[in-house]
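Presented below is the structure to which this report refers.
Lettering follows sequence order; numbering is per chain, from 1. Note that these values count all heavy atoms, side chains included, but never hydrogens, waters or copies made by symmetry.
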There are 2 protein chains.
Amino acid sequence: MMKETALCPRLSNAMDLLGKRWTALIIYQLLNGSKRFNEIESSMPISGRLLSERLKELEMEGLVTRKIYSEVPVRVEYSLTDKGFALRPVIEGIESWSQQWT
Amino acid sequence: MMKETALCPRLSNAMDLLGKRWTALIIYQLLNGSKRFNEIESSMPISGRLLSERLKELEMEGLVTRKIYSEVPVRVEYSLTDKGFALRPVIEGIESWSQQWT
DNA sequence: TATAGTAAGTTACGTAAAGTAACCAGTTAT
DNA sequence: ATAACTGGTTACTTTACGTAACTTACTATA
């Protein structure tokens with residue numbers, strides 16, 4: 001569909017990314033420092049298939065960087081960029097809203 | 001699936017709601033005051049089917065109230081509760097992040 | 001030599017959610 | 001009688017998500 005939101009393209013674009021399932025939780029994990037694929041996977045009920053897909057999206061959007069260490073077995077670490085870390089107040093805002101209004 | 005997120009149930013619960021498609025945009029619309037069904041529908045490319053579904057969810061979660069005016073044709077107005085309005089800083093945070101990091 | 005183990009994925013397939021379009025009820029205006 | 005309006009609902013298609021098995025590359029164990 002090519003129809004464009006009359007309203008607030010900024011919010012709309014951001015939600016296309018952040019609103020996808022698991023995305024906010026992945027960013028939340030990475031706010032505490034870089035993590036390996038399996039660490040993220042076992043911290044939440046996400047499948048490898050979708051985690052891989054989400055991390056690629058986040059990398060493409062410039063929120064996450066991927067670093068490969070050629071050890072045995074291979075180690076891959078994901079971490080937030082400045083753009084990703086800039087979401088900290090948003091994530092924390094959602095958390096505190098949730099806490100206050102449950 | 002019954003598996004529980006080890007991490008941050010607050011963020012997880014909030015994102016189950018706010019992360020659904022269109023939900024944040026609907027709340028954004030209502031931050032400027034109450035709106036009719038058709039007003040919301042025509043402000044973004046959402047279908048009646050899904051708008052109806054989302055508004056019911058938001059009403060059930062206590063973020064939105066629904067008021068019927070028995071005029072001709074009928075008028076139905078949706079507005080935010082305090083719980084809904086409390087999301088203003090979150091929505092504005094996402095907007096400004098989006099503006100800054102595009 | 002074969003077997004198994006590990007990390008980080010990918011592939012194939014089934015189900016659930018979202019998108020699209022047509023339709024409906026109640027009332028009024030033409 | 002016909003059309004028009006709002007606020008939906010129904011039926012159907014397409015896309016996203018969930019599950020489980022498999023893959024690659026290397027190592028350690030029997």
Side-chain angles (χ1 to χ4, degrees), chain A residues 1-7 11-27 29-30 33-61 64-79, chain B residues 1-7 12-13 15-27 29-30 33-61 64-79:
Chain A
M1 172 194 332
M2 281 296 100
K3 194 173 158 195
E4 194 53 40
T5 299
L7 237 307
L11 183 60
S12 182
N13 291 338
M15 290 310 297
D16 282 350
L17 221 204
L18 305 180
K20 285 198 172 163
R21 193 140 199 219
W22 307 113
T23 299
L25 280 301
I26 293 168
I27 292 167
Q29 285 298 308
L30 297 177
S34 69
K35 287 223 164 13
R36 306 176 61 163
F37 189 92
N38 276 346
E39 284 184 286
I40 302 171
E41 193 178 18
S42 55
S43 72
M44 65 187 84
I46 191 178
S47 65
R49 194 187 73 72
L50 215 48
L51 178 55
S52 173
E53 196 173 302
R54 287 292 176 272
L55 287 169
K56 271 182 204 158
E57 289 163 5
L58 289 171
E59 204 188 347
M60 288 232 253
E61 295 291 332
V64 160
T65 48
R66 181 173 184 269
K67 191 164 183 197
I68 306 171
Y69 297 87
S70 299
E71 304 172 355
V72 168
V74 68
R75 180 161 60 105
V76 181
E77 298 229 323
Y78 292 91
S79 51
Chain B
M1 173 192 333
M2 280 295 101
K3 194 172 159 195
E4 193 55 39
T5 299
L7 237 309
S12 182
N13 291 338
M15 289 311 297
D16 283 349
L17 222 204
L18 304 180
K20 284 198 172 162
R21 193 137 200 224
W22 306 114
T23 300
L25 280 300
I26 293 168
I27 293 167
Q29 285 298 308
L30 296 177
S34 68
K35 287 224 163 14
R36 306 178 60 164
F37 189 92
N38 276 346
E39 283 184 286
I40 302 172
E41 194 179 16
S42 55
S43 73
M44 64 188 83
I46 192 178
S47 64
R49 195 188 71 72
L50 215 48
L51 179 55
S52 173
E53 197 173 301
R54 287 293 175 272
L55 287 168
K56 272 182 202 158
E57 290 163 5
L58 290 170
E59 203 188 349
M60 289 234 251
E61 295 291 334
V64 160
T65 47
R66 181 172 184 271
K67 191 165 184 198
I68 307 170
Y69 297 86
S70 299
E71 304 172 354
V72 168
V74 66
R75 179 161 61 103
V76 181
E77 298 230 323
Y78 293 90
S79 51

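- Two residues are said to be in side-chain contact when any heavy atoms from C-beta on lie closer than 4.5 Å; Leu58(B) and Leu17(B) meet this criterion.
- Closest contact between the side chain of Pro73(B) and the listed nucleotides dG9(C), dG7(D), dT6(D) involves dT6(D).
- Taking atom CG of Leu51(B) as the reference point, atom P of dA18(C) lies 13 Å away to the nearest angstrom.
- Ion pairing between a basic and an acidic side chain is recognised when a charged N comes within 4.0 Å of a carboxylate O; Arg54(B) and Glu57(B) show such pairing.
- The side chain of Lys56(A) sits closest to dT10(C) out of dT20(C), dT10(C), dG7(D).
- In this structure, Arg54(B) places its CZ atom 16 Å from P of dG8(D), rounding to the nearest Å.
- The side chain of Val72(A) lies closest to dT27(D), out of dT27(D), dT28(C), dG7(D).
- Arg49(A) contributes no side-chain N or O that forms a donor-acceptor pair with the base of dG9(C) under 3.5 Å.
- In this entry the distance linking CG of Leu55(A) with P of dA8(C) reads 11 Å, nearest Å.
- Across all strands, Arg75(B) comes closer than 4.0 Å only to sugar-phosphate atoms, never to a base (heavy-atom distances).
- In this structure, the CD atom of Glu71(B) is 13 Å from the C1' atom of dT27(C), given to the nearest Å.
- Between Ser52(B) and dT9(D) there is a side-chain N or O to OP1 or OP2 distance below 4.0 Å.
- When each of Lys67(B), Glu59(B), Arg66(B) is checked for a side-chain hydrogen bond (donor to acceptor under 3.5 Å, both in side chains) with Tyr78(B), only Arg66(B) meets the rule.
- One interatomic measurement links the two molecules: CE of Met44(A) to C1' of dG18(D), which rounds to 16 Å at whole-angstrom precision.
- Glu39(A) has its CD atom 16 Å from the P atom of dT6(C), to the nearest Å.
- Using modelled atom types, one side-chain atom of Glu41(A) and one backbone atom of Gly48(A) make a donor-acceptor pair closer than 3.5 Å.
- Following rounding to the nearest Å, Ile46(B) (CD1) and dA17(C) (P) show an atom-to-atom distance of 16 Å.
- Checking the phosphate oxygens (OP1, OP2) of dA16(C), no side-chain nitrogen or oxygen of Arg21(A) falls inside 4.0 Å.
- Of all heavy-atom pairs between Phe37(B) and Leu55(B), the closest is CD1-CD1, 3.9 Å.
- Taking 3.5 Å as the limit, the base of dT6(D) and the side chain of Arg36(B) contain no donor-acceptor pair of atoms between them.
- If you check every strand for non-hydrogen atoms under 4.0 Å, Tyr78(B) touches sugar and phosphate atoms only.
- In this model, the phosphate group of dG18(D) is approached by a side-chain N or O of Trp22(A) to a distance below 4.0 Å at OP1 or OP2.
- Which of dA18(C), dG8(D), dC17(D) sits closest to the side chain of Glu53(B) comes down to dA18(C).
- At whole-Å resolution of the value, OH in Tyr69(A) and P in dA25(D) are 22 Å apart.
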